[in-house]
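So you know, we letter chains A, B, ... as the sequences are listed, proteins then strands, and number each from 1.
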Amino acid sequence: MLDIRWIREHADEAKQRLASRHGGEEEKVDSLLELDAKRRALLTEVEQLKAERKAVSKEIGALMAKQCHEEAAARKETTRELGDRIAAMDREVNQAIAEQDAILLSLPNLPHSSVPDGTSEADNPEIRTWGEPASFDFTPQSHVTLAERLSLIDFARGAKLSGSGFLLYTGWGARLERALIQFLLDLHTREHGYVEVSPPFVVSPECMTGVGQFPKFYDQAYAVQEGQDGSTLGKLYLIPTAEAPVANIHREELLKEEDLPVFYCAYSPCFRAEAGAAGVGTRGMIRVHQFDKVEMIKIVRPDEGYRELDAMVANAEKVLQLLGLHYRVILLCTGDMGFASAKTFDIEVWAPGQGSYLEVSSCSNCEDFQSRRMNLRFKSSDGKNLHPHLLNGSGTALARLFVALIETHQQSDGSIFIPEPLRPYLGADSIPTPA
RNA sequence: GGAGAGGUGGCUGAGUGGUUUAAGGCACACGCCUGGAAAGCGUGCGUACCCUAACAGGUAUCGAGGGUUCGAAUCCCUCCCUCUCCGCCA
C-alpha cells in the first residue's frame, strides 16, 4: 500500500511512476485525491462537533453532581441533537475511508528508479549468466521421459488422485524431493544466516492482503471451508507461497531497531489455482497446482533494503552453483514486475530437455509496501516509528529445480548423476536405471 | 463441541456510568545531586489521524465490531484470542 500522504504531496510523481507499469493504474490517483480531500474535510468538521459534545457532557456531569437536575436536562436536549449529527457524519467519514482504502489496496507498488521501463518479459535485461548449457553426446530427454522411465513421478496416478497439475512423487523421486528440501534449508540456515521456520500452510485473508495477494488475486487462491459449512468459506486459504505466512509473522508489531535485520527461511508446499491459465499448462512438472518451495524472507531497515536484495539473489544463485546448473539472472522491467514489488530479479535455470530456461527464483524488495499493509513497524534509534523493507525470494522453487537437475545430469545409460553437495542428503551418488 | 476464567499503554497493575484528562509501579530519556556511579529528588515519556509554516490545539484508542446514554474501560449483544477442565482426535 502506498502512503496517502506521500501521494497527496507527490501526485504527479505518483501518477508517472504508476504509469511506468503500463497498467493504467495512474488513472485512479485523481479520484483517490478527491476522496482524501472529502474525508479530511468531513473529519475536521465532525471532530469539532465531538469536542463540543464532550465539553457539554462534562458540564452535565458537574451539574448532576451539584443536584442541578433541571439545568442538566436542558443541556441533554441540545447534545442529543448533536449526537445525531455526529452519528450521521461518522457514517459518511467511514464510507469515505472504506472507498479510499479500496483504491489504495488496489494500487501496485511503485517501481524503483533502477528498474528499466518495459511492457513485457521481452524487455527484461539479462544481468549475468553462470556456467554453460550442458552438452551431450546423445539427445537429452525431457524430464517427463526421465521421470517415467526411472519411476520418479507417477503423472497418471497424481492426476487420478487430484486432477491434472498434481504430482505423485514415487521412490527415488520422492526421496530426491525430500533431499532437495533439506539441502536448501541447511544451506540457507548454516551458510546464509537465515532462521528456519515452519509455518501454517493455510492463512487468514488478512495475511493474504498483507503481502498483496488480495484483493487483486482472489482467483488464484484455493479457499478452504470446514466440512460442508459454507459460512466458514473464506476464513482460510491455502498458501500460494510461504511468503504469505512468514512475511506476516510480525504483522501489527512494533519491532525495535536492534531486532533488525530479521532473516527467515521456510519450506512449504505452494498451492496455486492458476485460474484463467487453463490450457497454458505444459505437460510435466513445469506448471502445476502444488509444488514445494524453500522461501527466504528479510525484514530490514530501509537503507539496507537494496544491499540485502543483492545478497538474497546471491543466496539463491548459490543453490544452482552447488548443483552445477547453468542459469541466468534477469532484472524484471516495470511492466513485468509483481504487484507488491519495487524491484525484482528472476533466476532462470537451464533445462536441456526443454531447450529453455525455467524460472526457479524470484527475489523482490517490496520496500514498505507490504509492511504498511500489515502495519509492521520498527522504532528507529531516534524514536521514530518506521516501516521496514520486506524482501522475499525463492530459494528455490522445487519442481522446476527437479526438472533442471534431472535433465542436466542425465547420463547416456539413463541414470541421473547427483552433484556432490546433494549426495549426503540423497544417500547416493546417482539415481540408477531400473534393473 | 461443552463448562469456567480472562484480554487495560513497552512491561506490570488499579479502575463497575461523570475532575479518569486511564491512578500507582517498572523500564526508558533528560536534569539536579556526586570525584565518578548507584540510590534519591524533579521533569518528560503510547499509537493513529485531523489541523498548523511552526509552537500549540483537536479527535479516536482499554481484544474487535455493534448497541444503550447527554456521556461508556465500566452496562447490553455478536465475534476473535488466551488459560483451566471435560469430550473428540493424530
Engineer: Would you mind reading off the distance between A/R377 atom CZ and B/rC49 atom P, rounded to a whole angstrom?
Structural biologist: 9 Å

Engineer: Is A/D154 paired with A/K160 through a side-chain N to carboxylate O contact shorter than 4.0 Å?
Structural biologist: no

Engineer: Once the angle between the rings of A/F166 and A/Y222 is folded into 0 to 90°, is it parallel (under 30°), tilted (30 to 60°) or perpendicular (over 60°)?
Structural biologist: tilted

Engineer: Salt bridge or not between A/E304 and A/R307? Use side-chain N to carboxylate O under 4.0 Å.
Structural biologist: yes

Engineer: Can you tell me how far P of B/rA60 sits from CG of A/L42, to the nearest Å?
Structural biologist: 16 Å

Engineer: Kindly write out the residues that satisfy side chain to side chain donor-acceptor pair (under 3.5 Å) with A/R8, not counting sequence neighbours, or none if the list is empty.
Structural biologist: A/D36

Engineer: Which sits closer to the 5' end of RNA chain B, A/L43 or A/T79, going by the nucleotide each is nearest to?
Structural biologist: A/L43

Engineer: Would you sketch RNA chain B in dot-bracket for me? Only Watson-Crick or G-U wobble pairs with both distances under 3.5 Å count, crossing pairs as [ ], other-strand pairs as |, the rest as dots.
Structural biologist: ((((((((.[[[..)..(.....]]].(((((.......))))).(((((......))))).[[[[[..)....]]]]])))))))....

Engineer: For A/K256, report the nucleic acid contact type (base, sugar-phosphate, nothing); a contact means any heavy atom under 4.0 Å.
Structural biologist: nothing

Engineer: Of all the heavy-atom pairs spanning A/S106 and A/F339, show the shortest one and how long it is.
Structural biologist: O-CE1, 3.4 Å

Engineer: Side-chain N or O of A/R39 less than 4.0 angstrom from OP1 or OP2 on B/rC50?
Structural biologist: yes

Engineer: Sticking with atom P, work out how far B/rG4 lies from B/rC89, rounded to a whole angstrom.
Structural biologist: 24 Å

Engineer: Looking only at side-chain N and O atoms, does A/H389 offer a donor or acceptor that is under 3.5 Å from a partner on A/E367?
Structural biologist: no

Engineer: Write down the distance separating the P atoms in B/rA64 and B/rG25, rounded off to the nearest Å.
Structural biologist: 27 Å

Engineer: Just to be sure I understand the rule, does A/S57 reach a base, reach only the sugar-phosphate, or reach nothing, if contact means heavy atoms closer than 4.0 Å?
Structural biologist: base

Engineer: What contact category does A/I60 fall into here, base, sugar-phosphate, or nothing, at under 4.0 angstrom with non-hydrogen atoms?
Structural biologist: base

Engineer: Between N or O atoms, less than 3.5 Å apart, protein on one side and nucleotides 51-55 of chain B on the other: list the pairs.
Structural biologist:
residue: B/rC51; atom: OP1; partner: A/R40; partner atom: NH1; Å: 3.2

Engineer: Taking all atoms of both residues into account, what is the closest heavy-atom pair of A/T396 and A/V360, and its distance?
Structural biologist: CB-O, 3.3 Å

Engineer: Atom CD of A/E252 and atom P of B/rU47: how far apart are they, to the nearest Å?
Structural biologist: 16 Å

Engineer: Between A/E34 and A/Q100, does any side-chain donor sit less than 3.5 Å from a side-chain acceptor?
Structural biologist: no

Engineer: Sticking with atom C1', work out how far B/rG10 lies from B/rC28, rounded to a whole angstrom.
Structural biologist: 9 Å

Engineer: If I compare all heavy atoms of A/I418 with all of A/R423, which pair ends up nearest, and what's the gap?
Structural biologist: O-NE, 2.7 Å

Engineer: Rounding to a whole Å, what distance do you find between A/E92:CD and B/rC50:P?
Structural biologist: 18 Å

Engineer: Among B/rU59, B/rC70, B/rC80, find the nucleotide with the atom closest to the side chain of A/K235.
Structural biologist: B/rC80

Engineer: Both A/Q48 and A/E226 contact RNA chain B. Which one's nearest nucleotide lies toward the 5' end?
Structural biologist: A/E226

Engineer: Report each atom pair, protein N/O against N/O of nucleotides 44-46 of chain B, whose distance is under 3.5 angstrom.
Structural biologist:
none

Engineer: Taking only side-chain N and O atoms of A/K58, does any of them lie within less than 4.0 angstrom of OP1 or OP2 on B/rC70?
Structural biologist: no

Engineer: Starting from P on B/rG58, measure out to NZ on A/K54 and report it in whole angstrom.
Structural biologist: 8 Å

Engineer: Taking atom P in both B/rG63 and B/rG6, compute the distance separating them and give it to the nearest angstrom.
Structural biologist: 14 Å

Engineer: Under the rule for side chain to side chain donor-acceptor pair (under 3.5 Å), what residues qualify as partners of A/R272, not counting sequence neighbours?
Structural biologist: none

Engineer: Would you mind reading off the distance between A/K50 atom NZ and B/rC70 atom P, rounded to a whole angstrom?
Structural biologist: 17 Å

Engineer: Suppose you measure atom P in B/rA23 against the same atom in B/rC80; what distance do you get, rounded to whole Å?
Structural biologist: 33 Å

Engineer: In terms of side-chain geometry, is the basic nitrogen of A/E295 or A/K293 positioned less than 4.0 Å from the acidic oxygen of its partner?
Structural biologist: yes

Engineer: Hydrogens and angles aside, do A/S142 and A/T145 bring a side-chain donor and acceptor to less than 3.5 Å of each other?
Structural biologist: no

Engineer: So, A/D90 and A/K50, do they make that salt bridge, N to O below 4.0 Å?
Structural biologist: yes

Engineer: Could you check how far CD of A/E81 sits from P of B/rC70, rounded to whole Å?
Structural biologist: 13 Å

Engineer: Salt-bridged, A/E191 to A/K318, with N to O below 4.0 Å?
Structural biologist: no

Engineer: Determine the Euclidean distance between corresponding C1' atoms of B/rG9 and B/rG15; express it in Å to zero decimal places.
Structural biologist: 15 Å

Engineer: Thinking salt bridges, do A/E13 and A/R17 make one under a 4.0 Å N-O criterion?
Structural biologist: yes

Engineer: Distance check needed: B/rA48 P versus A/D101 CG, whole Å only.
Structural biologist: 16 Å

Engineer: Could you go through A/D117 and A/H22, starting from their C-alpha distance and side-chain angles, then the distance that decides it, and tell me whether this counts as side chain to side chain donor-acceptor pair (under 3.5 Å)?
Structural biologist: CA-CA 9 Å; A/D117 185 72; A/H22 306 287; 3.0 Å; yes

Engineer: Give every pair of a protein N or O atom and an N or O atom of nucleotides 61-69 of chain B that lie under 3.5 Å apart, one pair per line with the distance.
Structural biologist:
none

Engineer: Can you check the distance between B/rG46 and B/rU52, where both ends of the measurement are the P atom (answer in whole Å)?
Structural biologist: 24 Å

Engineer: Between B/rC41 and B/rU84, how far is it from one C1' atom to the other, in whole Å?
Structural biologist: 46 Å

